[in-house]
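Following: one structure in structure tokens, then a few remarks.
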There are 2 protein chains.
Amino acid sequence: MSDKIRLAQVGLGRWARVLARGAQRGDSIDIYSCYSRSEDKRRAFMDEYGVERSASSYEELLADPNVEGIMITTPNDTHRSLIVQALEAGKPVYTDKPVAQTLEDAAAIKAAVDASGLPFAVGHSARRLSGNRQMKRWIDDGTLGGVSMAEANFSNERGLELTPETWRWYLDKTPGGPLIQLGVHHADNLQYLLGPVAAVSAHTRKLFTKSEVPDATMTILEFESGALGYLGCGWASPGIYQIRLQGTQHNLMYDLDFTHWDEAHEADEHSSLVSQAYGDQERRPVELPKTDMFREQLEEFGLACRGEGKVEVGVDDAIRALSVVHCAIESNAIGGKAVEVKPYLERFGIA
Amino acid sequence: MSDKIRLAQVGLGRWARVLARGAQRGDSIDIYSCYSRSEDKRRAFMDEYGVERSASSYEELLADPNVEGIMITTPNDTHRSLIVQALEAGKPVYTDKPVAQTLEDAAAIKAAVDASGLPFAVGHSARRLSGNRQMKRWIDDGTLGGVSMAEANFSNERGLELTPETWRWYLDKTPGGPLIQLGVHHADNLQYLLGPVAAVSAHTRKLFTKSEVPDATMTILEFESGALGYLGCGWASPGIYQIRLQGTQHNLMYDLDFTHWDEAHEADEHSSLVSQAYGDQERRPVELPKTDMFREQLEEFGLACRGEGKVEVGVDDAIRALSVVHCAIESNAIGGKAVEVKPYLERFGIA
């Protein structure tokens, strides 16, 4: 047996493939086993990614002593039970974002993580994009000056293409629509950059999608720092992935061509980060060192499974991101009035 | 005497100069006379722009039978009395934006305009920028598809440079800060593009400016069409002028280098409009035919003074733009809750 870290994938759809390719771009992870309820899906996944074994039940997968960690890419509403079960079986867990569908689920996951003491990672990979890392550096070293405003947009055409056969069609499976699927990324990115959000105000609309979910959402974030943030998420237009920061010394504008998102090792080549300095008419490109967000987060998780280092995004950051989504949904329900995050979390026993 | 249309300028500061240059780029307007309380300012303005006469009082200016129209570029809180007085003296009026500082003032101006039957134009010039005209065409001919989201930002560093000697320092002279000075442009642009706003929600902050006014504002617009709009306006960062529209068929992104705003005939050269089509990975530049917003609006006003044609932006459009600003200020005061525009206007007797 190789000394690679042996991870097992659960939920073998499109996203499992993106992550498998990410892991296989490195040389430290072995996709050792996999599980889906469908045997056909297991077979196809094993063939495509050279995975040598699969389990015929989740229990069987968790019982395999060679599995060092579980990677979950199932629909959001299944995260809680799969995560809790894995942790109780003594397996570290990586789960895709959002950490859970609801804050009830997230609170249960947090309790299980805290009780287990095991590594737990959430796939808020986007903060690892080179542009986000550079923006963070410019904030931390003072180059940006004082940040007053941050604007982010993450949108695509998904709402125009949904069918009743997909879980994203249904409001009870995808509360907030693009807000929980796309916006949760920026909810993490912006808090990574600017610290915790204190309050959230939002308006959502269902305009062009035939599904149950909204396809236009606009959210204002009040950061504890005093800065204001905007988060636009739509599901009824061509794709956008963008963040702009307005500082007293510089503006920074980050733009990524979302069509290259899945192949994360190429995403930086299809991105631009541009600065505009106070008193300077020229806009200047900022260098983007090459990153590979999926590979990096999985290698980090793998090392944590071996007790080497910690994961960057754990349950607390993931809950902060998810809380923005749910406070936005609640704000929209009460006419856009601001919803404070801390009291909202306390309702679910999360301090 | 030439057959040029004889206009007189009132309030001879920086903006009067921008407009004088705009008018003088054409050949239909004669800056015939001018007035400021300061004789030194009158002298300087006459010398700089080849203006042959001035009046030593506003009454004297209005009594001159050769003056065919008045151009007002004084502080916002003086608009009402100057406009009403001119209209009562039988002179058509062009005023810079915002039409007035308050909706009380705007209602009084509207009453005077309606009673006089005279041409009345407001300097919402920005909608004439080539990018805005092109976006409007793409909406009207269906190329954009259904618009779900519109985002606009107009920001600059003004708040960092204000001193107590300038009227913009004071909250009672500049309610909303960048929102009334910059945001009112986009409040017109977005309603020009997408129709009337039904409700407004906003958060404002004073973070880095030493003045009394906010320097970070974020506003969400609920359009009667169902679309959502975002308006970001800051006074604590380098300049931004941008509008993005998200349609089911295309996105359009308009970006203008604000440092070239004053010389409107060159602004299009420092602008870009980029489209992204549904299903197309490429972003494509959209041609921007050359425009000159200041010259065009003043020539249009001049012709209206002679009874030839109408002005595009009159008191009603200007009040719609101003109402967004004041509803935003009110919304911020009540924790960001949405303020409906129609009931708000009815308070001031504006139906």
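A note on names: the letters A, B, ... follow the listed sequences, proteins ahead of strands, and every chain is numbered from 1. Because the structure is a prediction, the values reported are computed rather than measured.
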Of the backbone (N, CA, C, O) and the side chain (C-beta and beyond), which part of A:Y278 lies under 4.5 Å from a heavy atom of chain B, both, or neither? both
I want to check something: taking the side chain as every heavy atom from C-beta on, are A:D255 and B:R283 in contact at a cut-off of under 4.5 Å? yes
Looking only at A:N153, A:L207, A:V147, A:D257, most heavy-atom pairs under 4.5 Å shared with chain B are made by A:N153
Output the residues of residues 129-143 of chain A for which the shortest heavy-atom distance to chain B is under 4.5 Å, in residue-number order; output 'none' if no such residue exists. none
Taking B:K206, B:Q276, B:H270 one by one, which has the highest count of heavy-atom pairs under 4.5 Å against chain A? B:Q276
Option in A:S201, A:G226, A:G336, A:G239 with maximal non-hydrogen atom pairs under 4.5 Å from chain B: A:G226
Distance-minimising heavy-atom pair for A:T219 and B:I220: N-CD1, 4.2 Å
Measuring heavy-atom distances to chain A, does B:L228 have an atom under 4.5 Å in its side chain, in its backbone, in both, or in neither? both
Could you look at A:H250 and say if it's the side chain, the backbone, both or neither that has a heavy atom under 4.5 Å from chain B? backbone
Below 4.5 Å, heavy-atom pairs only: which of B:K337, B:M218, B:E222 has the largest tally toward chain A? B:M218
So what's closer than 4.5 Å to chain B heavy atoms on A:Q242: side chain, backbone, both or neither? side chain
Quick one: what part of B:F208 sits under 4.5 Å from any heavy atom of chain A, side chain, backbone, both or neither? side chain
Check this for me: B:E340, atom CD, are more than 12 non-hydrogen atoms of other residues, nucleotides or ligands nearer than 6.0 Å? no
Can you tell which part of A:E282 gets under 4.5 Å to a heavy atom of chain B, answering side chain, backbone, both or neither? neither
Contact class of A:A277 relative to chain B, heavy atoms under 4.5 angstrom: backbone
Of A:E151, A:R244, A:M149, which meets side-chain contact (heavy atoms from CB on, under 4.5 Å) against B:I240? A:R244
Looking only at heavy atoms, the pair that brings B:P238 and A:N251 closest together is O-ND2, 2.9 Å
Counting heavy-atom pairs under 4.5 Å with chain A, which one of B:S225, B:G229, B:S331, B:G145 comes out on top? B:G229
Report which part of A:T217 has an atom under 4.5 Å of a heavy atom belonging to chain B: side chain, backbone, both, or neither. backbone
